[in-house]
Colleague: 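Take a look at this one; I'll ask things after.
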Amino acid sequence: MRVSAALQRAFFARDSVKVAPELLGCMVTANGVTVRLTEVEAYREDDPASHSFRGETARTAVMFGPPGFLYVYFTYGMHFCANLVCGPDGSGAAVLLRAGEVVAGVEAARERRGAKVPDRDLARGPARLAQAMGWDREDDGRDMVGAVMQGTGAAAVAAGPRTGITKAADTNWRFWIPGDRFVSPYKRHPKAPPASAD
DNA sequence: AAAGTGATCTGCT
DNA sequence: GCAGATCACTTTA
């Protein structure tokens, strides 16, 4: 089952913090691989941890564009990560695709990730997921409406602090399917201030 | 715990 | 323009 392009665009046009948990359990297909999302994080313009926080730049242009497009960025000199752009056109919000279960195209995914990578690790981690999907800088700005399908959904959703960031390290905008094996381990950034104790 | 890697951003000139 | 810091990560210890 799939909804119309207009309805799906409207789905992404909402607040990324609302959209993120609803993406869990959804299927995303690209380049011969389909993943079921198990872990995502929300970012938006009023968020110090977001690339969009300091305004639009050449890199973040897609993030400030219309919703439903893919924002791909390159980091740490070797990794790509992928987001689904959210919010209305002109707002800098997106949902980072952090992990998923490869449910179709395992062979294609393993070809990109490496022959001896176990199924569990094919897309468990944002850069791993992007590599499994065959995404790189050329996919920045690609229209994802039609590539995202509602799956069986998530039986439950957990929320907690986002992984690997130094700013806004206690904002609970990471969402995952509790108990799912295809969720990456939480790692606080070594330079982030100690966790708040509430 | 820290290296590896390079684009990007900031804050100077 | 240019230097220095930073970085939504992965891998190997």
Side-chain angles (χ1 to χ4, degrees), chain A residues 12 15-17 19-21 23-24 28 35 37-65 67 69-87 91-100 102 109-142 144 158-176 181-195:
Chain A
F12 287 114
D15 181 357
S16 59
V17 176
V19 173
L23 282 170
L24 294 173
V28 180
V35 293
L37 296 176
T38 58
E39 181 188 351
V40 298
E41 284 176 2
Y43 288 87
R44 52 182 216 198
E45 209 169 335
D46 62 349
D47 163 20
S50 173
H51 291 167
S52 58
F53 183 63
R54 290 168 209 280
E56 181 174 347
T57 65
R59 177 178 60 153
T60 59
V62 171
M63 212 175 159
F64 282 87
F69 288 77
L70 196 68
Y71 165 51
V72 177
Y73 68 89
F74 180 69
T75 192
Y76 287 98
M78 57 188 93
H79 299 299
F80 293 99
C81 298
N83 304 247
L84 294 171
V85 174
C86 292
S91 80
V95 173
L96 172 67
L97 306 181
R98 283 203 57 88
V102 178
R110 205 187 312 277
E111 197 165 319
R112 298 185 188 114
R113 289 273 300 122
K116 30 188 220 298
V117 174
D119 287 2
R120 191 184 185 210
D121 291 341
L122 285 175
R124 190 176 54 137
R128 292 165 165 186
L129 184 147
Q131 188 181 14
M133 301 303 278
W135 283 332
D136 62 19
R137 65 181 89 252
E138 310 212 330
D139 295 287
D140 186 41
R142 186 174 141 184
M144 292 301 285
R162 290 171 294 180
T163 294
I165 56 173
T166 57
K167 288 163 289 194
D170 296 312
T171 302
N172 293 332
W173 286 351
R174 172 174 177 250
F175 304 95
W176 68 94
R181 300 190 331 119
F182 297 87
V183 172
S184 74
Y186 172 68
K187 273 205 190 291
R188 195 178 184 84
H189 196 287
K191 294 209 162 70

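In what follows, chains are A, B, ... by sequence order, proteins preceding strands, each numbered from 1. Here the structure is a predicted model, which means the values were calculated and not measured.
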Colleague: Output all residues satisfying side chain to side chain contact (heavy atoms under 4.5 Å, CB included) with A:E56, sequence neighbours left out; order by chain, then residue number.
Modeller: A:T60, A:A61, A:F64
Colleague: Measure all distances between protein nitrogen or oxygen atoms and nitrogen or oxygen atoms of nucleotides 11-13 of chain B, and list the pairs falling under 3.5 Å.
Modeller:
none

Colleague: Of all residues at least two apart in sequence or in a different chain, which pass the side chain to side chain contact (heavy atoms under 4.5 Å, CB included) check with A:K187?
Modeller: A:T163
Colleague: Would you give me the side-chain donor-acceptor pairs under 3.5 Å for residues 69-76 of chain A, sequence neighbours excluded?
Modeller:
| from | atom 1 | to | atom 2 | distance (Å) |
| --- | --- | --- | --- | --- |
| A:Y71 | OH | A:H51 | ND1 | 2.8 |

Colleague: Quick one: pull up CG in A:L23 and SG in A:C86 and give me the separation to the nearest 0.5 Å.
Modeller: 6.5 Å
Colleague: Touch check for A:I165, heavy atoms < 4.0 angstrom, all strands: base, sugar-phosphate only, or nothing?
Modeller: sugar-phosphate
Colleague: Which residue pairs pass the side chain to side chain donor-acceptor pair (under 3.5 Å) test when at least one of the two sits in residues 121-138 of chain A, sequence neighbours left out?
Modeller: A:R113-A:Q131, A:D121-A:R124
Colleague: Contact between A:D119 and A:R181 at the side-chain level, heavy atoms closer than 4.5 Å - yes or no?
Modeller: no
Colleague: How does each nucleotide of nucleotides 1-9 of chain B score, in 5' to 3' order, for protein heavy atoms under 4.0 Å: base (B), sugar-phosphate only (S), or none (-)?
Modeller: ---BBBSSS
Colleague: Where does the chain A footprint on DNA chain C start and end, counting 5' to 3' with a 4.0 Å heavy-atom cut-off?
Modeller: C:dC7 to C:dT11
Colleague: Taking the side chain from A:R98 and the backbone from A:E41, do they hold a donor-acceptor pair closer than 3.5 Å?
Modeller: no
Colleague: Taking only residues two or more places apart in sequence, or in another chain, which ones meet A:P193 in a side chain to side chain contact (heavy atoms under 4.5 Å, CB included)?
Modeller: none
Colleague: Got a donor-acceptor contact below 3.5 angstrom from the A:E39 side chain to the A:W176 backbone?
Modeller: no
Colleague: Of all the heavy-atom pairs spanning A:A99 and A:V183, show the shortest one and how long it is.
Modeller: CB-CA, 4.4 Å
Colleague: Mind listing the residues from residues 118-134 of chain A sitting with a heavy atom below 4.0 Å of DNA chain B? Number order is fine.
Modeller: none
Colleague: Pairing of DNA chain B as dot-bracket, 5' to 3': ( ) intra-strand, [ ] crossing, | other strand, . unpaired, with Watson-Crick or G-U pairs under 3.5 Å?
Modeller: ||||.|||||||.
Colleague: Is A:K191 touching bases, backbone alone, or none of the nucleic acid, heavy atoms closer than 4.0 Å?
Modeller: nothing
Colleague: List in chain and number order the residues that pass side-chain hydrogen bond (donor to acceptor under 3.5 Å, both in side chains) with A:T38, two or more places apart in sequence or in another chain; answer none if no residue qualifies.
Modeller: none
Colleague: Counting only N and O atoms by type, is there a donor-acceptor contact under 3.5 Å from the side chain of A:R44 to the main-chain atoms of A:S50?
Modeller: no
Colleague: Scan A:H51 against the nucleic acid and name what it touches under 4.0 Å (heavy atoms): base, sugar-phosphate only, or nothing.
Modeller: base
Colleague: Would you mind listing every salt bridge (charged side-chain N to carboxylate O under 4.0 Å, His left out) that reaches into residues 72-85 of chain A, with sequence neighbours excluded?
Modeller: none
